[in-house]
Amino acid sequence: MILPPHLTVRGGHLHIGEHDTVDLAERFGTPLYVTDEVRIRENFRRLSGALTAHYPKVRVLYAAKANGNLAIFRTLASMGAGADIFSSGELTLALAAGMRPASLLFNGSSKSPSDLALAVEKGVRVSVDSLDELRQLNAAAGEAGKTVDIAFRVNPAIDVPTHPKIATGLATSKFGIPAGEILDAYRHALAAEHINPVGIHCHIGSQILDVEPFAREVEVLIGVACDLIEIGVDLSFIDIGGGLGIPYRRETDRAPAPEDYAGAVMPAFLNGIHDLGIEPELWVEPGRWLVADSTVLLARVNSVKTAHTTFANVDAGFNLLVRPTMYDSYHEVVAANKADAPAVREYSIAGPICETGDILAKDRMLPDLSAGDIIAVLDAGAYGFAMSSQYNSRPRCPEVILSGEKAALMRRAETIDDLTAPMAVPPWQA
């Protein structure tokens with residue numbers, strides 16, 4: 001198995017950064033998410049540097065949906081990142097982490113009146129998804145006596161090689177306004193008293209392992225920008241979204257590096273803005289690429305059972321990592337306490353949830369496993385805890401963050417009291 005550089009095997013145990021994962025499991029319990037802050041910083045520097053090597057006016061907006069822990073926000077804020085936010089909760093976390101309102105973009109196709117009011121109150125730019133939303137935002141800004149900077153989200157009708165549930169730039173997607181109709185939307189924005197159109201926004205999907213669709217996306221946006229300039233829109237930014245994928249199967253996946261990504265999008269962007277005579281900021285929205293490989297999910301083997309196959313039943317399931325069940329996603333797994341032992345038996349790693357589909361990893365060659373062993377699920381930092389649930393009334397697990405030799409909780413484990421605290425007894429049951 002090929003491990004990323006911050007994961008190593010020492011003394012038979014899997015280490016993340018400077019820490020033995022087995023020791024972390026004993027100290028904090030399992031299940032347990034463990035994140036290496038140093039790795040996130042390295043990823044940010046590499047991606048940002050690959051883009052700014054071509055053009056200095058680049059702004060990195062972290063796709064907050066990937067991992068919403070406040071400590072992650074704070075780490076990226078300290079690097080100068082803004083955020084692509086999808087809810088009032090993400091907006092509040094980003095501001096609490098020290099991100100500036102001007103470095104946030106409130107995205108989404110179904111914002112509530114309270115979402116729009118909060119964006120107006122905090123001075124956050126909004127990616128508008130429909131003319132109905134534009135009217136509501138203009139009214140909210142008018143009531144507050146403010147003007148709101150916006151972009152429209154463009155649907156470029158680009159097919160991308162990824163799972164259909166995370167392909168967001170298709171013509172059939174719920175997101176954005178078709179490129180052929182976008183000019184009329186901007187005319188409405190220019191006529192709105194409390195709206196200032198200053199950008200264009202697009203996002204074509206997630207976990208994309210080919211850079212060519214990103215270059216096509218930029219070409220579509222440059223074409224839109226040309227039309228917008230003609231009707232008087234002064235563009236201060238062009239936001240091409242995120243979507244750069246990672247190699248979940250490191251031995252076979254051929255994932256583009258940030259340098260490959262920059263080499264594809266920057267020529268199209270730079271040639272386009274040169275021809276238009278403008279110098280807008282380029283905004284990008286990485287999420288998965290920044291945080292996915294920074295994190296492992298540690299789970300303890302509860303039992304081993306041989307039926308039609310051999311199951312290693314662990315204490316983490318799709319309540320904590322839903323991607324394998326929802327998307328048939330692949331995550332490498334390591335026997336953390338037997339990391340240098342030979343793989344001699346095929347196991348399916350099964351969770352404790354009352355669903356047949358609760359399989360974290362299917363048919364993997366691993367060392368002989370027994371109750372008490374520790375399984376590490378790799379690349380769990382994006383859409384792991386962020387998509388977790390309390391299904392089967394299981395409290396969610398703690399999260400630990402590492403920085404060099406330091407380790408600390410960034411989220412405590414939930415308790416049964418946390419599950420019941422919001423519940424109320426109806427008066428006829430009292």
Side-chain angles (χ1 to χ4, degrees), residues 4-6 16-17 33-53 56-108 119 122-125 127 201 203 206-207 237 239-246 257-258 261-262 281-296 379-388 399-404 406-411:
H6 61 296
I16 177 169
Y33 274 101
V34 182
T35 296
D36 184 1
E37 181 185 61
V38 172
R39 181 61 174 176
I40 294 175
R41 293 182 182 276
E42 290 171 350
N43 288 345
F44 181 90
R45 289 190 191 97
R46 185 175 178 190
L47 181 58
S48 177
L51 293 166
T52 55
K57 297 171 67 174
V58 173
R59 182 173 296 189
V60 177
L61 276 62
Y62 168 55
K65 57 187 175 288
N67 189 322
N69 194 287
L70 182 59
I72 304 297
F73 275 96
R74 289 176 62 87
T75 296
L76 290 164
S78 73
M79 304 290 290
D84 155 42
I85 54 177
F86 236 83
S87 69
S88 291
E90 289 179 355
L91 187 160
T92 302
L93 284 167
L95 294 179
M99 293 179 175
R100 296 178 297 107
S103 69
L104 306 180
L105 186 67
F106 202 141
N107 191 9
K122 300 299 183 182
V124 171
R125 292 183 171 116
S127 175
H201 180 218
H203 174 63
S206 187
Q207 185 52 18
F237 70 89
D239 185 339
I240 63 173
L244 184 62
I246 69 160
Y261 172 70
E281 290 184 348
L282 173 67
W283 290 13
V284 294
E285 300 172 357
R288 186 190 313 269
W289 204 92
L290 294 179
V291 298
D293 74 359
S294 71
T295 302
V296 298
D379 302 312
Y383 311 102
F385 196 101
M387 297 178 74
S388 64
E399 295 180 284
V400 165
I401 190 165
L402 313 174
S403 182
K406 295 175 285 188
L409 284 172
M410 61 177 179
R411 190 192 307 264

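Shown here for N67 and Y62, the closest heavy-atom pair between the two residues is O-OH, 2.7 Å. Taking all atoms of both residues into account, the shortest heavy-atom contact from K65 to A386 is O-CB, 3.5 Å. The heavy-atom pair separating L95 from P101 by the smallest distance is CD2-CG, 3.9 Å. Pairing each heavy atom of A96 with each of R74, the nearest pair is O-NH1, 4.2 Å. Shown here for A63 and G287, the closest heavy-atom pair between the two residues is CB-CA, 3.7 Å. Nearest approach of A119 to L91, heavy atoms of both residues: CA-CD1, 4.2 Å.
The backbone N or O of R45 lies less than 3.5 Å from no partner atom in the side chain of S48, so there is not a single donor-acceptor pair. A donor-acceptor contact shorter than 3.5 Å links the side chain of T75 to the backbone of A71. With hydrogens and angles disregarded, no donor-acceptor distance shorter than 3.5 Å links the side chain of T35 to the backbone of E37. The backbone N or O of K406 lies less than 3.5 Å from no partner atom in the side chain of S403, so there is not a single donor-acceptor pair. Side chain of T295 to main chain of A292: no donor-acceptor pair is present (N/O by atom type, distance under 3.5 Å, no hydrogens or angles).
Here the OG-CG distance, from S294 to D36, works out to 7.0 Å after rounding to the nearest 0.5 Å. Residue D84 holds its CG atom at 9.5 Å from CG of L104, rounded to the nearest 0.5 Å. A distance of 10.0 Å separates CE in M79 from CG in N43, rounded to the nearest 0.5 Å. In this structure, CZ in F106 is found 15.5 Å from CZ in R125, a value given to the nearest 0.5 Å. S388 OG to Y33 OH: the interatomic distance, rounded to the nearest 0.5 Å, is 6.5 Å. For the atom pair L409 CG and E399 CD, the distance stands at 9.5 Å (nearest 0.5 Å).
Side-chain polar atoms of R288 and S206 form a donor-acceptor pair below 3.5 angstrom.
Take W289 and apply the side-chain hydrogen bond (donor to acceptor under 3.5 Å, both in side chains) test, not counting sequence neighbours, and it matches no residue. For E285, the side-chain hydrogen bond (donor to acceptor under 3.5 Å, both in side chains) test picks out H201, with sequence neighbours left out.
The aromatic rings of W283 and F237 lie parallel to each other, their planes meeting at an angle below 30°, with 60° marking the opposite boundary.
Enclosure of atom CZ in R411 by more than 12 non-hydrogen atoms of other residues, nucleotides or ligands within 6.0 angstrom is indicated.
Within the 4.5 Å cutoff, no side-chain heavy atoms of L61 are placed close to those of V284. Considering only heavy atoms from C-beta on, L51 comes within 4.5 Å of Y261 through its side chain. In this structure the side chain of V400 never reaches within 4.5 angstrom of the side chain of M410, judged on heavy atoms.
Residues E281 and R59 are paired through a salt bridge, judged by an N-O separation under 4.0 Å between the basic side chain and the carboxylate. A salt bridge links E42 with R39: the distance from a Lys NZ or Arg NE/NH1/NH2 to an Asp or Glu carboxylate oxygen falls below 4.0 Å.
Exactly one of I85, N107, D239 qualifies for a side chain to side chain contact (heavy atoms under 4.5 Å, CB included) with S127. That residue is N107.
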Verdict with supporting geometry, V38 and L402, side chain to side chain contact (heavy atoms under 4.5 Å, CB included):
CA-CA 8 Å; V38 172; L402 313 174; over 6 Å; no
